[in-house]
Q: 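Here you go, one structure.
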Protein chains: 2
Amino acid sequence: MTASTGKTAFKHEALYTALRTEIGATLRPHDPLPSERELVARFGVSRATVRQAVGRLEEEGLVYRSQGAGTFVADPSTISKSLALTSFSEDMRSRRLTPDSRLLDLTLVPAGVTVARDLSLSPGAEVAHVRRLRLADGLPMCVEEVWLPTERIGGLDAGTVAGSLYDALAGRGVQPHHADQVISATVVDADQAALLGVAPYSPALRVDRITYTEAGVAVERAESMYRADRYDFRITVTRRTP
Amino acid sequence: MTASTGKTAFKHEALYTALRTEIGATLRPHDPLPSERELVARFGVSRATVRQAVGRLEEEGLVYRSQGAGTFVADPSTISKSLALTSFSEDMRSRRLTPDSRLLDLTLVPAGVTVARDLSLSPGAEVAHVRRLRLADGLPMCVEEVWLPTERIGGLDAGTVAGSLYDALAGRGVQPHHADQVISATVVDADQAALLGVAPYSPALRVDRITYTEAGVAVERAESMYRADRYDFRITVTRRTP
DNA sequence: TAGTGGTCTAGACCACCCT
DNA sequence: GGGTGGTCTAGACCACTAT
């Protein structure tokens with residue numbers, strides 16, 4: 001069933017993927033996972049490898065562990081957004097929603113002042129402009145506008161931007177590494193309201209993001225407007241008291 | 001030097017604390033940490049234990065690892081401030097604004113259903129309810145509502161809640177350690193609009209927070225409504241290689 | 001080539017939960 | 001008491017980086 005894409009070289013990744021699939025398919029919230037020792041036997045790996053895979057599931061909020069009792073599937077309503085850089089598609093899947101996309105615009109344009117500055121481009125350099133309506137389980141979730149410097153990532157076509165843009169970038173050898181995000185509140189305009197299926201001036205969570213490679217080269221600038229009634233940001237913060 | 005507080009039973013915690021202290025004291029940004037194998041020898045533990053301790057430092061953004069090269073102290077300027085649990089006063093000062101507070105309400109009330117659940121209290125247990133208008137450089141920034149379980153933190157008076165609530169808690173021996181935050185977008189009602197000096201139905205960034213001590217005891221539940229035109233959340237997120 | 005972090009094994013003991 | 005997750009050991013090989 002889990003037809004490997006050929007990229008999963010590590011055992012803990014293969015196990016992680018297998019467990020993730022099973023959680024999404026057959027297990028219900030609060031169902032117990034097989035015990036770690038049973039996974040050792042079933043997958044033919046060591047317990048350390050099992051714990052690495054389950055640990056990642058726990059980090060991502062898909063399961064919770066209870067010492068002495070077992071590991072259980074988390075309640076989706078309590079899934080927290082982690083601080084990992086994720087594409088919309090990945091984010092939705094981690095919330096156990098099916099992502100989809102409707103392309104609204106895909107054009108090559110000269111970079112404006114703001115885009116050029118954020119991407120460290122010469123003003124007027126060519127950028128690909130992508131505007132998409134993003135859906136979760138078929139319902140509008142956000143309107144997203146993205147600018148990509150073509151000189152750094154190559155050209156784009158409609159097929160490429162149908163799914164995860166991060167996958168498309170990775171396919172061109174461009175690996176997103178980190179991003180600066182600004183989260184703010186706003187209200188939608190008439191156009192956005194129509195796309196999202198809400199009344200004009202409804203509240204929206206706005207996320208502005210600039211994505212960089214490991215070398216610090218900006219490869220994406222994105223503005224996303226999320227429906228406030230369907231999306232929030234959950235983070236756990238710890239106190240620094242040195 | 002590392003005068004144990006008596007609670008650190010695990011080797012990886014002791015090592016984590018030792019490394020954390022060294023990072024804060026003698027090491028500079030981008031300085032290399034001792035290699036994992038050297039830490040094995042120096043602390044007399046296995047490499048798995050070393051990796052657990054260093055892994056926690058990496059999770060918290062204090063160090064970064066580079067395969068084949070080493071582990072290095074992270075640059076503090078790239079540590080996102082929003083990942084730290086801060087009080088309003090601390091947050092404002094870090095933005096170089098002067099915080100102030102206007103007390104709107106301070107009463108002892110029985111905990112409602114939601115508050116009791118979030119703070120793990122018996123329904124009807126006594127909580128202190130604090131409502132404050134928070135100012136930055138003299139201008140309204142947010143309306144904040146806080147519930148505190150009096151049985152865990154003692155009584156409160158107007159003088160105590162004039163400034164930083166976290167300072168007040170620390171003065172009673174209650175140390176906030178971490179918090180779960182939910183960030184969402186909404187619009188203000190007429191009352192909040194009047195206090196914040198904006199039009200009704202203006203957008204606002206809403207932050208719901210439950211604060212815990214190190215032992216996991218909930219000591220504060222807070223709801224804050226920030227003026228959207230004066231406040232945003234900035235975080236740097238990094239990619240987990242999928 | 002030598003050293004580093006990343007992965008992995010096959011054990012072990014402990015603290016805790018459930019019945 | 002039996003099973004679970006949490007911690008820990010003492011090795012090993014691999015992929016990568018620096019020189």
Side-chain angles (χ1 to χ4, degrees), chain A residues 4 6-19 23 27 30-74 84 173 175 177 213-216, chain B residues 4 6-19 23 27 30-74 214-216 238-242:
Chain A
S4 172
K7 296 270 295 253
T8 302
F10 299 121
K11 295 186 178 180
H12 74 261
E13 278 185 26
L15 178 52
Y16 161 84
T17 304
L19 291 173
I23 288 169
L27 294 175
H30 308 295
D31 279 357
L33 261 64
S35 78
E36 296 182 353
R37 286 162 182 85
E38 187 177 338
L39 291 172
V40 165
R42 194 185 295 182
F43 286 86
V45 297
S46 74
R47 192 157 159 235
T49 303
V50 168
R51 284 186 61 76
Q52 189 170 3
V54 177
R56 184 168 162 196
L57 292 171
E58 186 186 30
E59 267 178 45
E60 296 178 0
L62 293 173
V63 304
Y64 59 93
R65 300 203 258 206
S66 176
Q67 181 171 163
T71 303
F72 306 89
V73 176
Q175 290 288 357
H177 178 261
T213 64
E214 187 158 21
Chain B
S4 173
K7 296 272 295 249
T8 302
F10 299 121
K11 295 186 179 181
H12 74 261
E13 277 185 29
L15 178 52
Y16 162 83
T17 304
L19 291 173
I23 289 168
L27 293 175
H30 308 295
D31 278 359
L33 260 64
S35 79
E36 296 182 353
R37 286 160 181 85
E38 187 177 339
L39 292 172
V40 165
R42 194 185 295 182
F43 286 86
V45 296
S46 74
R47 197 164 152 226
T49 303
V50 168
R51 284 185 62 76
Q52 190 170 2
V54 177
R56 184 168 162 198
L57 292 171
E58 185 186 31
E59 268 177 42
E60 296 177 0
L62 295 174
V63 304
Y64 59 94
R65 298 203 259 207
S66 176
Q67 180 171 160
T71 302
F72 305 90
V73 176
E214 186 158 21
T238 54
R239 188 137 177 94
R240 269 198 269 276
T241 51

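A note on names: the letters A, B, ... follow the listed sequences, proteins ahead of strands, and every chain is numbered from 1.
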Q: In whole Å, what is the span from the CZ atom of A:Phe43 to the P atom of C:dT9?
A: 13 Å
Q: Could you state the CG-C1' distance from A:Leu33 to D:dT4, rounded to the nearest angstrom?
A: 13 Å
Q: Could you state the atom-to-atom distance from CZ of A:Arg65 to C1' of C:dC17 in whole Å?
A: 16 Å
Q: Would you say B:Arg51 places a side-chain N or O within less than 4.0 Å of OP1 or OP2 belonging to C:dG5?
A: no
Q: Would you give the length of the straight line joining atom OG1 of A:Thr49 to atom CD of A:Glu36, rounded to the nearest 0.5 angstrom?
A: 11.5 Å
Q: Answer whether the closest heavy-atom distance between the side chains of A:Arg51 and A:Arg65 falls below 4.5 Å.
A: yes
Q: Provide the closest heavy-atom pair for B:Leu27 versus B:Pro32 in the form atom of the first, atom of the second, distance.
A: CD2-O, 4.4 Å
Q: In this structure, how many angstroms lie between the C1' atom of C:dC8 and the NE2 atom of A:His12, rounded?
A: 11 Å
Q: How many Å lie between CD on A:Gln52 and P on C:dT9, as a whole number?
A: 10 Å
Q: Once you round it to whole Å, what is the distance between P of C:dC8 and CZ of A:Arg56?
A: 12 Å
Q: Figure out the CD/P separation between B:Glu38 and C:dT4, and round it to whole Å.
A: 8 Å
Q: Assign a letter to each nucleotide of nucleotides 10-19 of chain D from its 5' end: B, base within under 4.0 Å of a protein heavy atom; S, sugar-phosphate only; -, no contact.
A: --BB-BBB--
Q: Using whole Å, what does the distance between atom P of nucleotide C:dT4 and atom CG of B:Leu39 come to?
A: 10 Å
Q: Look up atom CG in A:Leu19 and atom CG in A:Leu62, then write down how far apart they are to the nearest 0.5 Å.
A: 10.5 Å
Q: Would you tell me if any nitrogen or oxygen in the side chain of B:Ser35 comes within less than 4.0 Å of OP1 or OP2 on C:dG3?
A: no
Q: How close do A:Val40 and A:Ser46 get, counting heavy atoms only, and between which atoms?
A: CG2-C, 3.9 Å
Q: Once ring-ring contact (aromatic ring centres under 6.0 Å, His included) is applied, do any residues pair with B:Tyr64, and if so which ones, sequence neighbours excluded?
A: B:His30, B:Phe72
